[in-house]
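Only one structure is covered here, and it is reproduced in the block below.
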Amino acid sequence: MNSNDMYQDEIVALAKSKTGAERLENPDATVTLDNPLCGDRVTLDVTVSGGKITAVGHRVRGCMLCEAASALVARDAIGTDTSAVSGGRDKLEALLKSGTLPSEDDAWSTVSAFGPVAEFKSRHECVLLPFEALGKAIEEAESKI
Amino acid sequence: MSFDVEALRRQFPILDRTVHGKPLHYLDNSATSQIPNTVLDAVERHEIAHRANVLRGIHYLAEAATEAYENARKDVALFINAADSSEVVFTSGTTSAINLVAHSFGQGLKPGDEIVISMLEHHSNIVPWQLLRQRSGIVLKVIPATDDGRMDLDKLPDIVTEKCRMIAVTHVSNVTGADTDIHRIVEAARAVDAKVLIDGAQRVPHGPVDVQNLGVDFYTFSGHKMYAPNGIGVLWARRELLDDLPPFMGGGEMIRTVTMEDTIFAEPPHKFEAGTPPIAQAVGLAAATRWLSETDTPEAILHVAKLAERTLSGLAEIADGRIRIIGPQGTQSRLPVISFTVDGIHPHDVCQILDSYGVALRGGHHCAQPLMDFFDVTGTTRASLTFYNNQADVDALLEGLAAAIKKLT
């Protein structure tokens, strides 16, 4: 695959959508994570209630892939079980590392949008970072309950 | 005499290859330059005919390897106009050379002594001094940057005090390409009897330097950025300084006598070269100095300057002003290391698209995060040119950049 092909329409559209690209006023938890390789930084706010994610907001200082993954997280996390988030991250990692596509019926099957990134190992962390931030934010939010 | 860039390119076999089906346009020379045949041949000849350990052996190959290693030191000394080859210490690179000085020179410092660096430094000339600060309680002071990415040397009188023991700064910024006026640095240091260390990693690939004329005390550079193999670098220091400094690392090769009670160290430079040194790499570095001394003609320098000018003017013409040059806007007192940002597009996305055009660039913080903070950017895209680059490389850069902006906007 040509490097140019990585920026397929779905990824570009996700990034441009800027879904959730606003900080929450009263988050239950806020996490900031850096990717030391490229300097990407994600600050992610979350609120949870009754074991479900109720709101996600983020600020991304990073590349288009990081912006797209953050937008996907914000779009698809609302209403999902907090316990399912680590599964979403695992599905994304499996897709990137071994090309394993999630089943369409699975929670977080939408991570398949990042299939074109799989061939570019130096960019994997760019899309994983928002998922890791979400996982840590939920952990922190639930620890306060 | 005209400069034949295509003839020069034929000396670099890698420049013939394709990337993603496109000709390679290698513009990441500030990170690692490519190696000409003459250097590759020198390394191969050494490994085939003279591979052995140095200094301690009696057999023929050991003698030959030692001679090759010490001759390499003489070639490097000639390249930088050192007074004597014993002033040339081989290291694994610039980073290890600066760490050596931070440790050995640092041992003689006391709490409150001051080291001056600048905002333009690579992390390799920041972190070793921060570590020294943790160990010894020294004070680290910083020469600020100007808006066009140079050291603000007008601030020197405010920063360099009687407590200053060393000014350690870069000769050329690896981000902005700005060329530092070393004589002003030396003048400020001498006024308070401080030493001067120069990080020459980005300067040396563009031609020989004269350490005696510069008047500095320590000069450091790396092989892999100046057409030589990886894993070799140089610390040059005046001999009397090397005599006085304690060794950094201990081990074989750097001793005269070892008993269970004590060790008498070897004379410089071997005092600072513990363990088996990078022998073939030193041979390669020497070949690179000879090649560079022949290549660094006024015509070649003019060729690169013109390419830099075309790159800067080309960047100014595309994207309706969305490109911001991080560094000097013109070609005066700068080398062809050109950093820029594209409004709304991350440097890694720019570099990824450019890669599909066969253009090798570098994007990110360039190991200069304080400078990124100063310019309030997360990173930059950097094109770094050298003698073997040609107009096609610049054209590919500008064409790919226009395409990247179109695709990602």
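Lettering of chains follows the sequences in order, A, B, ..., and the numbering in each one begins at 1. Small disclaimer: the values here were computed from a predicted structure and weren't measured.
A/Arg41 does not touch chain B: none of its heavy atoms, backbone or side chain, sits under 4.5 Å away. Contact annotation for B/Leu408: both backbone and side-chain heavy atoms come within less than 4.5 Å of a heavy atom of chain A.
Of the N and O atoms on the side chains of B/Thr170 and B/Gln202, not one donor lies less than 3.5 Å from an acceptor on the other residue. Looking at B/His20 and B/Asp355, their side chains do bring a donor and an acceptor atom within 3.5 Å of each other.
Taking the side chain as every heavy atom from C-beta outward, B/Val337 and B/Asn174 never approach each other to under 4.5 Å.
For A/Lys144, the NZ atom counts as densely surrounded, since its 6.0 Å shell holds more than 12 non-hydrogen atoms of other residues, nucleotides or ligands. Remark: A/Arg59 CZ is loosely packed, at most 12 non-hydrogen atoms of other residues, nucleotides or ligands lying under 6.0 Å away.
A donor-acceptor pair under 3.5 Å links the side-chain atoms of B/Thr176 to the main chain of B/Gly149, judged by distance alone.
Evaluated for a side-chain contact (heavy atoms from CB on, under 4.5 Å) with B/Arg382, the options B/Ile326, B/Asp28, B/Leu361 yield exactly one hit, B/Asp28.
Using a 4.5 Å cut-off between non-hydrogen atoms, no part of residues 68-76 of chain A approaches chain B.
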